[in-house]
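Just below is one structure, and these are the notes that go with it.
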There are 2 protein chains.
Amino acid sequence: MSAVNLTKNQTLVLDVLTKSEAPLSAYTILDKLRDHGFRAPLQVYRALEKLLEFGLVHRLESLNSFVACAHREHSCCSHGTVAFAICESCGQVSEFHDHVVDDQLNAWTRGKGFKPSKTTIEIRGLCAACNS
Amino acid sequence: MSAVNLTKNQTLVLDVLTKSEAPLSAYTILDKLRDHGFRAPLQVYRALEKLLEFGLVHRLESLNSFVACAHREHSCCSHGTVAFAICESCGQVSEFHDHVVDDQLNAWTRGKGFKPSKTTIEIRGLCAACNS
DNA sequence: CAATTCATGTAATAACATTACGTGATGTAT
DNA sequence: ATACATCACGTAATGTTATTACATGAATTG
């Protein structure tokens with residue numbers, strides 16, 4: 001689809017996130033990339049900034065962490081808000097999209113004259129595997 | 001309603017948040033309470049922890065900041081998830097509750113066997129006053 | 001009264017994020 | 001081709017947010 005040309009650092013950071021089961025903090029990413037020449041947090045933050053911009057990565061506000069986008073193939077997610085269910089036991093994150101929620105929040109903002117720029121929806125809890 | 005007995009520190013922190021127009025970070029609260037004997041971040045974080053527990057204060061994950069609950073009188077908000085619209089220009093925060101969104105997210109989690117503990121919904125953007 | 005709980009205080013440290021400054025590579029208009 | 005702008009990158013320092021560790025006194029309870 002998009003096929004943005006990523007720089008070396010951006011590629012390294014995206015690869016680390018893609019291979020990870022769970023979200024990673026910027027400093028964890030840094031540690032994982034020391035062998036590839038990363039020395040300072042800024043190298044990670046700069047790559048993340050671009051990846052977020054490209055929609056290849058999401059930031060989880062309630063964890064101060066980052067995940068690779070799970071739906072790169074779906075055009076559905078390029079517009080609309082993405083929600084996350086975050087398991088506090090195993091760390092696994094499910095990314096999903098819900099048009100009803102989206103529409104409902106948009107209805108609220110329209111009603112108030114509020115112009116949304118970015119919406120965060122994060123559900124913390126226990127996943128099916130961990131609460132059984 | 002609830003009328004929990006707050007300690008001195010909890011009262012001080014809640015008062016500061018209640019009087020503030022915009023959300024405050026823990027360190028800003030600390031600065032505002034220096035005159036009242038506050039010396040260390042932990043004093044603030046401990047008070048906030050309890051106030052969050054009592055439902056008197058909310059944490060805004062996308063800002064690493066805290067606001068007094070706007071709906072202390074409504075029993076409606078003791079159950080269910082609260083959403084926030086945060087103006088990135090003036091800092092003003094609107095707290096609201098939407099049963100449809102709530103139900104929809106609950107439907108998703110039930111379907112997945114996910115047991116939610118806490119849900120964050122934060123809409124960043126420009127309020128009516130700031131985008132006109 | 002001993003034991004427990006809990007709010008508090010202080011210090012140190014950990015975790016997360018940004019600012020400031022400089023360099024080299026690439027692209028573009030003159 | 002040179003001057004100029006832009007951009008990715010590197011390094012260092014600093015700023016901001018949050019927690020851990022340890023100690024004390026007051027209130028509660030058995």
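Every value quoted in this text rests on a predicted model; they were computed, and no experiment measured them. In the text below, chain A, chain B and the rest are named by the order of the sequence lines, each starting its count at 1.
Within the structure, side-chain hydrogen bond (donor to acceptor under 3.5 Å, both in side chains) pairs that include any residue of residues 48-59 of chain B comprise B:H58-B:E95, B:R59-B:E61, B:R59-B:N64 (at least two apart or interchain). Among residues at least two apart or in separate chains, ring-ring contact (aromatic ring centres under 6.0 Å, His included) pairs with a member in residues 103-125 of chain B are A:F96-B:W108.
With hydrogens and angles disregarded, a donor-acceptor distance shorter than 3.5 Å links the side chain of A:T18 to the backbone of A:L14. Between the side chain of B:E122 and the backbone N or O of B:S62 there is at least one donor-acceptor pair closer than 3.5 Å. Distance alone, capped at 3.5 Å, is enough to place a donor-acceptor pair between the A:N131 side chain and the A:C127 backbone.
The salt bridge (charged side-chain N to carboxylate O under 4.0 Å, His left out) check on B:D31 picks up B:R34, with sequence neighbours excluded. For A:N9, there are no side-chain hydrogen bond (donor to acceptor under 3.5 Å, both in side chains) partners two or more places apart in sequence or in a different chain. Every residue two or more places apart in sequence or in another chain that forms a side-chain contact (heavy atoms from CB on, under 4.5 Å) with B:S65 is listed here: B:P23, B:S25, B:L63. Residues satisfying the side-chain hydrogen bond (donor to acceptor under 3.5 Å, both in side chains) test with B:T11, not counting sequence neighbours, are none. Taking A:E88 as the reference, A:R124, B:S117 meet the side-chain hydrogen bond (donor to acceptor under 3.5 Å, both in side chains) condition, with sequence neighbours excluded.
Atom CD in A:E49 sits about 12 Å away from atom P in D:dC9, given to the nearest Å. Rounded to whole angstrom, the span from the CZ atom of A:R39 across to the C1' atom of D:dG10 amounts to 10 Å.
Read 5' to 3', the first and last nucleotides of DNA chain C with an atom closer than 4.0 Å to a heavy atom of chain A are C:dC16 to C:dA20.
Taking both residues in full, the closest heavy atoms of B:C90 and B:C87 are given as N-SG, 3.3 Å, listed atom of the first, atom of the second, then distance.
Hydrophobic clustering of Ile, Leu, Val, Met, Phe, Trp and Tyr side chains at less than 4.5 Å, counting indirect connections, keeps B:F84 apart from B:V100.
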Worksheet entry | B/S/- contact track for nucleotides 12-26 of chain D, protein heavy atom under 4.0 Å | -----BBBBB-----
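If you check residues 7-24 of chain B against DNA chain C, the residues with a heavy atom closer than 4.0 Å are B:T7, B:K8, B:N9, listed by number.
Each end of the helix from C:dC1-D:dG30 to C:dT30-D:dA1 yields a helix axis from five base pairs, and these two axes differ in direction by 30° (to the nearest 10 degrees).
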For residues 35-44 of chain B, run the donor-acceptor check on the side chains, cut-off 3.5 Å, and write out each pair with its distance to 0.1 Å, sequence neighbours left out.
unit_1 : atom_1 : unit_2 : atom_2 : d
B:Q43  : OE1    : B:R39  : N      : 2.6
B:Q43  : OE1    : B:A40  : N      : 2.9

